[in-house]
Amino acid sequence: MNNFNSCAFMLRSLFSRKKTTAPYRYGIALGGGGARGFAHLGVLKALQEAGIKPDILSGVSAGAIVGAFIAGGFSPDEVFEIMKENRLGNFTSIQLPRDGLLNFDKLQHTITRFITAKNIEDLPIPFYIAASNLNDGIIEYFDKGELGKIVQASASIPILFSPVKINGKKYVDGGIFDNVPIAPLRGKCETIIAINISPMQKADKLNNLIDIATRTFHLSVESTSVHKKEECDIYIEPPELYNYPILDASKAEKMFRIGYEYTKTMDALLPE
C-alpha cells in the first residue's frame, strides 16, 4: 500500500470510529478567494480520490460558485473545465460606478445556464450559501431561494461589484463576516472539512485602486478566519496560494494543482 493510500485508509478508519447522531457524514465548507477558487477543485478531487465526498456543503464567494456546481452534481474536473472557459473577465462588464465598478450579472446567467436546479433547495446535495446583508449588517446562510442570484450576491466584493437585491435588501460578499462558512454545518455532520484558499501574508506592491480595494477586503475577511481551525475536524489551507492574485484566473491550472497536490500529501488532512 503506497503512502497516500495508507494515509487515506488511516483517515477513513479514524472517521469511522466517530460516534455521532449527525444526519450527514462529511460536510465541506468552501471559503472565499476569488480566482483561487480553482484550488478548491483540486482539493475536492484529492478528497474524492481518498474516498471523501461531501454529503452537505457550504460556500462563500468563490466557494459559493464552486459549491453550486458540486452540489448540482458536477465533478471537480467538469467544474474546472466550465470555470476555465468562463473566467472572471467573461462574468463582468464595466459600468458607471454608482454602487460598484463592475457588473457581475453574467455570473448569475452562467450558473443558470449550466445548473439544472434553479433554486438552492432543489440541488442534489444540500447547500448553504453565505452572503452579507448590507442593510442589517449581518451574515445570512441561504439554503433556499434563487441559486444564481444568491451565488452572485455571495461573490460580489464590495466596491468592485454592485450589491445584489434579495427580498428588498442589498447583499454583498459573505466573506465580510464569514470567509470560511463552517457555522451552517455545525451539528449536521460527523466530520467537518474546511478549505481556506485565502492564506494571509504581507503585500509588497499595491499599485492601483483595484490592488488597494482587494487588499483591504482581504484584510477584513482574514479577521473572520483566524479561529476556524478550532471549529472543524480538518482544515486545509494551501499556503502557496498567496502568490496568486484573487482577480487573476490566468494561472487556473497551477492553482488547481496546488490544491490537489497539497491535499494529496494527506498531511493537511491528519488532525493534530
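Given the structure is predicted, the values throughout are model-derived calculations rather than measurements.
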Trace of the ring pair (Phe, Tyr, Trp, His ring centres under 6.0 Å) decision for Phe38 with Tyr260: CA-CA 10 Å; Phe38 285 104; Tyr260 178 78; over 10 Å; no
task: Would you sort out whether Ile139 and Asn133 count as a side-chain contact (heavy atoms from CB on, under 4.5 Å), showing the intermediate values?
output: CA-CA 6 Å; Ile139 187 72; Asn133 183 325; over 6 Å; no
- request: Decide yes or no on side-chain contact (heavy atoms from CB on, under 4.5 Å) for Arg36 and Tyr242, but give the supporting numbers first.
  value: CA-CA 9 Å; Arg36 296 171 185 169; Tyr242 178 77; 4.2 Å; yes
- request: Kindly determine whether Phe74 and Ile82 satisfy side-chain contact (heavy atoms from CB on, under 4.5 Å), including the steps that lead there.
  value: CA-CA 10 Å; Phe74 292 81; Ile82 292 170; 3.7 Å; yes
Residue pair Tyr171, Asn135: steps toward the side-chain hydrogen bond (donor to acceptor under 3.5 Å, both in side chains) verdict: CA-CA 8 Å; Tyr171 290 82; Asn135 295 90; over 6 Å; no
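Side chains of Lys149 and Lys165 form no contact here, defined as non-hydrogen atoms less than 4.5 Å apart. A 4.5 Å side-chain heavy-atom check between Leu241 and Met255 finds at least one atom pair inside the cut-off. When side chains are defined from C-beta on, Ile120 counts as touching Phe142, because their heavy atoms get closer than 4.5 Å. The closest side-chain heavy-atom distance from Ile236 to Tyr262 is below 4.5 Å. Proximity of Ile192 to Asp233: side-chain heavy atoms (C-beta onward) are separated by under 4.5 Å at one or more points. Looking only at side-chain heavy atoms (C-beta outward), Cys189 and Arg25 stay at 4.5 Å or farther from each other. Using a 4.5 Å cut-off on side-chain heavy atoms (C-beta onward), Leu123 and Leu147 make contact. In this structure, Phe69 and Ile111 have side chains that are in contact, with non-hydrogen atoms separated by less than 4.5 Å.
A distance-only check finds a donor-acceptor pair linking the side chain of Lys118 to the backbone of Thr112 [under 3.5 Å]. A distance-only check finds no donor-acceptor pair linking the side chain of Lys170 to the backbone of Val164 [under 3.5 Å]. Of the possible donor and acceptor atoms, one in the side chain of Asp55 sits under 3.5 Å from a partner among the backbone N and O of Tyr26. A side-chain donor-acceptor contact under 3.5 Å links Ser198 to the backbone of Gly32. With hydrogens and angles disregarded, a donor-acceptor distance shorter than 3.5 Å links the side chain of His40 to the backbone of Gly31.
Residue Asp173 forms a side-chain hydrogen bond (donor to acceptor under 3.5 Å, both in side chains) with just one option from Ser156, Ser61, Ser154, and that option is Ser61.
Salt bridge annotation for Glu261-Lys264: absent, with no cationic side-chain nitrogen under 4.0 angstrom from a carboxylate oxygen. Lys228 has a carboxylate O that lies under 4.0 Å from a charged side-chain N of Asp178, or vice versa, which qualifies the two as a salt bridge.
Counting heavy atoms of neighbouring residues, nucleotides and ligands inside a 6.0 Å radius, atom NZ of Lys254 does not exceed 12 of them.
Within the model, atoms OH of Tyr128 and CD1 of Ile150 stand 13.0 Å from one another, a figure rounded to the nearest 0.5 Å. A distance of 5.5 Å separates CD1 of Ile28 from CG of Leu47, quoted to the nearest 0.5 Å. Atoms CD1 and CD1, on Ile193 and Ile234 in that order, are 4.5 Å from each other to the nearest 0.5 Å. Distance check, rounded to the nearest 0.5 Å: NZ of Lys45 to CZ of Phe256 gives 5.0 Å. The distance from the CG atom of Leu44 to the CG atom of Asp77 is 11.0 Å, given to the nearest 0.5 Å. In this structure, NZ in Lys251 is found 11.0 Å from CD1 in Ile258, a value given to the nearest 0.5 Å.
Screening residues 129-145 for salt bridge (charged side-chain N to carboxylate O under 4.0 Å, His left out), with sequence neighbours left out, gives Asp136-Lys169.
Asn196 and Glu237 get closest at one heavy-atom pair: ND2-OE2, 2.6 Å. Residues Pro124 and Ala71 share a closest heavy-atom pair of CD-O, 2.9 Å. Here the closest non-hydrogen pair linking Glu190 and Ala22 is N-CB, 3.7 Å. Across every non-hydrogen atom of Val180 and Ala194, the tightest pair is CG1-CB, 3.7 Å.
Residues Ile182 and Val60 do not share a hydrophobic cluster, clusters being chains of Ile/Leu/Val/Met/Phe/Trp/Tyr side chains in contact below 4.5 Å.
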